[in-house]
Structure formats: structure tokens, C-alpha cells
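So the structure is just underneath, and the comments pick up after that.
Note that the coordinates shown come from a computational prediction; the quantities given were computed from them, not determined experimentally. Each chain gets a letter, A, B and so on, in the order its sequence line appears, and its residues count up from 1.
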There are 2 protein chains.
Amino acid sequence: MKYSELKQNLKEHKLRVTDCRMDVLEHFQQQKRALSFRDLEDRFQEYDRVTLYRTLHSFEENGLLHKIPGDSGSAVYGLCNSCGVESHHHNHMHFKCTSCGVTECIDTPINIPSVSLPKDYKMSDMDVIINGLCKLCNN
Amino acid sequence: MKYSELKQNLKEHKLRVTDCRMDVLEHFQQQKRALSFRDLEDRFQEYDRVTLYRTLHSFEENGLLHKIPGDSGSAVYGLCNSCGVESHHHNHMHFKCTSCGVTECIDTPINIPSVSLPKDYKMSDMDVIINGLCKLCNN
DNA sequence: GGTTAAATGCAACTTTCTTGCGGTAAGATA
DNA sequence: TATCTTACCGCAAGAAAGTTGCATTTAACC
């Protein structure tokens with residue numbers, strides 16, 4: 001993705017354009033997978049840990065990234081193609097490879113069934129995490 | 001649940017019977033909801049933090065509890081009724097209340113649809129986390 | 001270019017989780 | 001029930017993860 005598009009992307013989310021944010025956003029675009037704070041820390045040693053934390057938080061707060069529930073303890077962030085400004089409450093589907101540990105967004109629109117909850121429960125949205133083997137580890 | 005039953009439950013999972021384990025297991029039974037390490041730490045100040053960590057880990061390892069993915073960073077553990085010794089690979093469904101934060105297991109057997117994954121991906125199991133209002137907060 | 005609010009870097013700190021080890025107690029065996 | 005073995009416990013220390021405050025720098029706006 002071109003520099004101008006990244007810049008535009010940040011501005012659309014009301015985020016000030018800085019080196020750190022441009023680099024982090026570009027990295028998410030290129031990697032096409034969910035990244036943890038640790039991933040960013042390893043990749044961008046030129047930026048302070050605190051700055052990376054704050055970058056992730058502001059990205060999340062402004063709807064550019066969303067947090068993916070992970071059982072490993074540390075949070076993982078994903079950049080879904082379907083993550084538009086208005087579509088905050090869509091249902092996320094993610095694939096986590098049990099072999100290599102990579103988490104990816106599943107963009108294939110799948111009609112998630114209307115779950116029959118017990119009486120008086122009200123669903124707002126749901127996270128679906130599919131565990132298994134990704135295309136690389138499955139071959 | 002009676003003392004003898006708790007004891008039996010531990011033994012069935014090849015776990016040595018100790019005070020800490022009995023108390024923790026009983027607490028899970030009584031609470032009927034998912035508990036975080038923090039919950040246990042607050043509840044059982046008479047036990048060492050490390051002991052509680054190890055208790056959770058051994059319970060998880062031996063299939064008595066399972067880890068529920070949480071986006072808050074800290075892991076949450078649940079004791080499903082359907083968690084038998086043999087049924088390790090069943091699909092979990094959990095409800096997390098966005099108001100009070102309580103996570104519960106949804107025991108209603110719901111047939112989770114066969115998701116159409118991209119080519120070459122292989123699913124083993126899935127975690128489904130439904131967010132919304134629980135019956136207490138919805139009234 | 002000058003102004004202002006926001007982002008950054010640094011330091012210090014809190015919280016969360018892990019490891020190692022000596023002492024203790026559960027479970028087995030006789 | 002006495003003894004033995006091994007797993008569990010508590011304590012201490014430390015590693016990892018995340019937060020806060022503040023002075024400095026810089027993006028965005030005029």
C-alpha cells in the first residue's frame with residue numbers, strides 16, 4: 001500500500017500522522033495477520049515500548065484495529081478488511097493455527113447462526129475463534 | 001456438592017487431593033461461572049499465589065477446567081458440565097456479560113455450524129464467545 | 001513561521017506470572 | 001500404623017507485561 005493511502009487511512013480514523021503510526025499500520029497491512037504487542041516490540045525496536053502500547057490503544061480506540069481474544073494471556077490485535085468506521089459491532093471470526101500460532105482474520109462472510117440463548121440473555125455480538133491448522137502448516 | 005464427590009472428582013482426573021484443590025474445585029462448583037486467577041487470589045488469601053497458579057494449571061492440564069479466551073489479557077477458567085474426561089475436544093460456548101463482566105458457560109447444546117474455511121485450512125475445534133447482557137443485568 | 005495540542009521518550013513503578021528449592025504432606029505399601 | 005516415595009506447598013527472587021507522570025518534540029492549523 002502506498003504512503004499516501006496509509007496516511008489517508010490514519011486521517012480517516014482521526015489519528016494524527018506520525019512515523020510510528022505509519023510504520024505500525026504498514027506492518028499490519030503487510031503481515032496480513034493478527035499481531036501481538038510482542039511482535040511489534042520485536043519489529044520496531046527504534047520506538048519506545050510505551051509508544052507502541054499507546055499506538056495500539058489509539059488504533060483500537062479509533063476502530064482501526066480490534067482486539068482478538070486470546071487464551072495465551074497477551075492480547076492480539078487484528079486489522080480486518082471489513083473493519084470500516086461504521087461497522088464496529090460486526091461479528092469477528094478468527095483462525096488460530098495450533099501449530100505455528102499465527103492468528104488470521106477470516107474475511108469470508110459466513111452467516112453466523114442465531115444462537116438460542118437461555119431466557120433473558122441478550123446478545124450484542126460474538127467472537128468466534130477457530131483453532132486448527134493453517135494452509136502452511138497443513139501441507 | 002459433597003466432600004466425597006469433590007474428592008472423587010479430583011481422583012478421576014488423576015489429581016492428588018489437597019486442601020487447596022478441594023477448596024478451589026468447590027468454589028468453581030458453587031460459583032457456576034468462569035473465574036479468573038484474580039478471583040481465586042481474592043477468595044483464597046490463605047493460599048500462596050503460586051499455589052493457586054499451579055492449581056489452575058494442573059486442573060487445566062488434567063481436563064478439569066478449560067481456559068476461556070478473554071480479551072482483557074488475563075485468562076479466565078471455566079468448569080463446564082460437559083467437561084468429561086474423554087471430551088477434550090468439544091466446542092466451547094461462553095457468554096460474557098458486557099455489564100457485570102461475568103463469564104458463564106452456555107450448556108445448552110447448540111449445533112455450531114460447519115464453517116466453510118478457506119482452502120487448505122483444517123479446523124480442530126472452536127471457541128465461541130457471545131457478548132451481551134446476562135439475565136441479571138438485562139432486568 | 002508561530003501557536004497549540006497531541007505524540008514521543010524516558011524513568012520509575014505496579015501488576016502479573018514464572019522458576020528454584022527446601023520443607024511438608026498425600027498416597028502407597030507392607 | 002509405621003515407613004517410604006513423590007508430588008505439592010510456601011517462600012524468595014526474578015522475569016515479563018502493562019501503566020503513569022512529566023519534560024521534550026512535532027504534527028496540524030492558522
TODO: Mind running a 4.0 Å heavy-atom check of residues 44-53 of chain B against DNA chain D and sending the residues that fall below it, in number order?
DONE: B:Tyr47, B:Asp48, B:Val50, B:Thr51
Open item on the list: Aromatic contact between B:Phe59 and B:Tyr77, with the criterion being ring centroids under 6.0 Å apart: yes or no?
Closed with: no
Pairs: protein N or O with nucleotides 24-30 of chain C N or O, under 3.5 Å:
from	atom 1	to	atom 2	distance (Å)
C:dA26	O3'	B:Val17	O	3.4
C:dA26	N3	B:Arg16	NH1	3.3
C:dG27	OP1	B:Val17	N	2.7

Atom [atom1] of [X] and atom [atom2] of [N]: how far apart are they, to the nearest Å?
X: A:Met22; N: C:dA7; atom1: CE; atom2: C1'; value: 15 Å
X: A:Tyr77; N: D:dA17; atom1: OH; atom2: C1'; value: 12 Å
X: B:Lys14; N: D:dC8; atom1: NZ; atom2: P; value: 13 Å
X: A:Arg21; N: C:dA6; atom1: CZ; atom2: P; value: 11 Å
X: A:Phe37; N: C:dT16; atom1: CZ; atom2: P; value: 17 Å

TODO: Examine distances only and state if a side-chain atom of A:Asn62 and a backbone atom of A:Leu64 form a donor-acceptor pair shorter than 3.5 Å.
DONE: no
Open item on the list: Could you check whether any side-chain N or O of A:Thr98 sits under 3.5 Å from a backbone N or O of A:Gly132, counting only pairs where one atom can act as donor and the other as acceptor?
Closed with: yes
Open item on the list: Over 60° means perpendicular and under 30° means parallel, so tell me whether A:His66 and A:His94 are parallel, tilted or perpendicular.
Closed with: tilted
Open item on the list: Can you tell me if B:His57 touches the phosphate of C:dT18, counting only side-chain N or O atoms and a distance under 4.0 Å to OP1 or OP2?
Closed with: yes
- [ ] Run the numbers on B:Val128 and B:Met126 for side chain to side chain contact (heavy atoms under 4.5 Å, CB included), then give the verdict.
- [x] CA-CA 6 Å; B:Val128 178; B:Met126 68 199 282; 4.0 Å; yes
Open item on the list: What I want to check is whether an N or O donor and acceptor connect the side chain of A:Arg54 with the base of C:dG9 at under 3.5 Å.
Closed with: yes
Task: Close side-chain approach of A:Thr18 to A:Arg21, heavy-atom, < 4.5 Å - done: yes
Task: B:Tyr121 versus A:Glu104, side-chain donor and acceptor atoms under 3.5 Å - done: yes
Task: Polar contact flag, side-chain donor to acceptor under 3.5 angstrom, B:Tyr47-B:Asp23 - done: yes
